[in-house]
Protein chains: 2
Amino acid sequence: MTDDCPPTTDGKCPVETALELIDGKWKGVALFHLLDKTLRFNEIRRRIPNVTQRVLTRQLRELEQDGLIIRTVYAEVPPRVEYRLSPLGETLRPIIVALWNWGTAYKARQIEESEAA
Amino acid sequence: MTDDCPPTTDGKCPVETALELIDGKWKGVALFHLLDKTLRFNEIRRRIPNVTQRVLTRQLRELEQDGLIIRTVYAEVPPRVEYRLSPLGETLRPIIVALWNWGTAYKARQIEESEAA
DNA sequence: CGGTATCCTGTAAGATACTG
DNA sequence: CAGTATCTTACAGGATACCG
């Protein structure tokens, strides 16, 4: 089964295809926060310390172009821009949740190890 | 629930932590092939066209350092080096499989769209 | 067979400043 | 508030050649 990897149309393994879409230092985390609810730009930013405005903007735009999130601009002053998962993005939910669970367990393991010192 | 993201020990969201470990252009695919069985270096290489020896070597070593795979060197001539998932790496299986399924569905959708033209 | 050793290039990410 | 506009830099990835 795992051998039907390469010979797809584009010669890419589906695993590679999937990972490419969330490749970007902050994309996974951004998607994670959007699992909960629609968020405004600065709301996302506040949840991701260390990301710069420029980088976050770009990554969100790429997610939008790839059809994973929907960006809605409200013609108001001051401007309001909301981001939410698209239907396609919703299908990523189990994966994002699985990553969160895995990462959480991984961290717990790290802590145990350091305490065993 | 999704708000307990930042305030972990290292300030990183678990999603970010998990993604960092499989961040590397070919790591996900390499792990995918190792789901099936233990593979020798060139066996992995053959399954991943376009990856250079140098890069594949480095990514496998990083996976090893992160405890996701186990590298075994047999003192033979010619040399034989086998790679297999570690117990920790095994815990990634559901995620890798989910990525494969997702990527496969995504590609199918792309094809449908292009045919609708 | 399974690597190193060099060298090179593109680009993702970051810092900083400005804007409708 | 939610962005652009510039500029800079590190480094992942790749090409090529050689080795025990």
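Per chain, numbering begins at 1; letters A, B, ... match sequence-line order.
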Figure out the [atom1]/[atom2] separation between [X] and [N], and round it to whole Å.
X       : N      : atom1 : atom2 : value
A/Arg58 : D/dG3  : CZ    : C1'   : 14 Å
B/Asp23 : D/dA12 : CG    : P     : 9 Å
A/Arg46 : D/dA2  : CZ    : C1'   : 12 Å
B/Asn50 : D/dG14 : CG    : C1'   : 11 Å

**Prompt:** Would you call the rings of A/Tyr83 and A/Phe41 parallel, tilted or perpendicular if under 30° counts as parallel and over 60° as perpendicular?
**Reply:**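 Answer is tilted, since the angle falls between 30° and 60°.
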Tabulated below should be each protein N or O lying under 3.5 Å from an N or O of nucleotides 6-11 of chain D; please produce it.
unit_1	atom_1	unit_2	atom_2	d
D/dT6	O4	A/Arg54	NE	3.0

**Message:** Need to verify one output field. Residue with the more 5' nearest nucleotide on DNA chain C, A/Trp26 or B/Asn42?
**Reply:**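 Checking each residue's closest nucleotide, the 5'-ward one belongs to B/Asn42.
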**Item:** Identified side-chain contact (heavy atoms from CB on, under 4.5 Å) partner of B/His33 from the options B/Glu43, B/Arg46, B/Arg47
**Value:**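 Testing B/His33 for a side-chain contact (heavy atoms from CB on, under 4.5 Å) against B/Glu43, B/Arg46, B/Arg47 leaves exactly one candidate, B/Arg47.
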**Item:** B/Tyr106: partners by ring-ring contact (aromatic ring centres under 6.0 Å, His included), with sequence neighbours left out
**Value:**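 With sequence neighbours excluded, B/Tyr106 shows a ring-ring contact (aromatic ring centres under 6.0 Å, His included) to B/Trp102, given in chain and number order.
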Quick one: do [X] and [Y] make a salt bridge, cutoff under 4.0 Å?
X        : Y        : answer
B/Lys107 : A/Asp10  : yes
A/Glu16  : A/Lys12  : no
A/Glu113 : A/Arg109 : yes

**Near-strand residues of residues 61-82 of chain B, defined as heavy-atom separation under 4.0 angstrom from DNA chain D** =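 Contacting residues: B/Pro79.
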**Request:** Using atom types as modelled and distance alone, determine if a side-chain donor or acceptor of B/Glu82 lies under 3.5 Å from a backbone N or O of B/Thr72.
**Result:** no
**Item:** Gap between atom CG of A/Leu92 and atom CG of A/Leu21 - 0.5 Å precision
**Value:**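 Separation between the atoms: 8.0 Å.
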**Asked** What does A/Gln59 touch in the nucleic acid at a heavy-atom separation under 4.0 angstrom: a base, only the sugar-phosphate, or nothing?
**Response** sugar-phosphate
**Message:** Could you see if A/Tyr74 belongs to whatever hydrophobic cluster contains A/Leu34? Use Ile, Leu, Val, Met, Phe, Trp, Tyr and a side-chain cutoff under 4.5 Å.
**Reply:**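 Result: no, two separate clusters.
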**Asked** Along DNA chain C, 5' to 3', what are the outermost nucleotides having an atom less than 4.0 Å from a heavy atom of chain A?
**Response** C/dA12 to C/dG20
**Request:** Only counting residues at least two apart or in another chain, list the ones meeting side-chain contact (heavy atoms from CB on, under 4.5 Å) with A/Ser86.
**Result:** A/Ile70, A/Leu88
**Message:** Less than 4.0 angstrom between a side-chain N/O of A/Tyr83 and OP1 or OP2 of D/dC1, yes or no?
**Reply:** no
**Item:** Set of residues satisfying side-chain hydrogen bond (donor to acceptor under 3.5 Å, both in side chains) with respect to B/Glu62, sequence neighbours excluded
**Value:**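 Counting only residues at least two positions away or on another chain, B/Glu62 forms a side-chain hydrogen bond (donor to acceptor under 3.5 Å, both in side chains) with B/Lys27.
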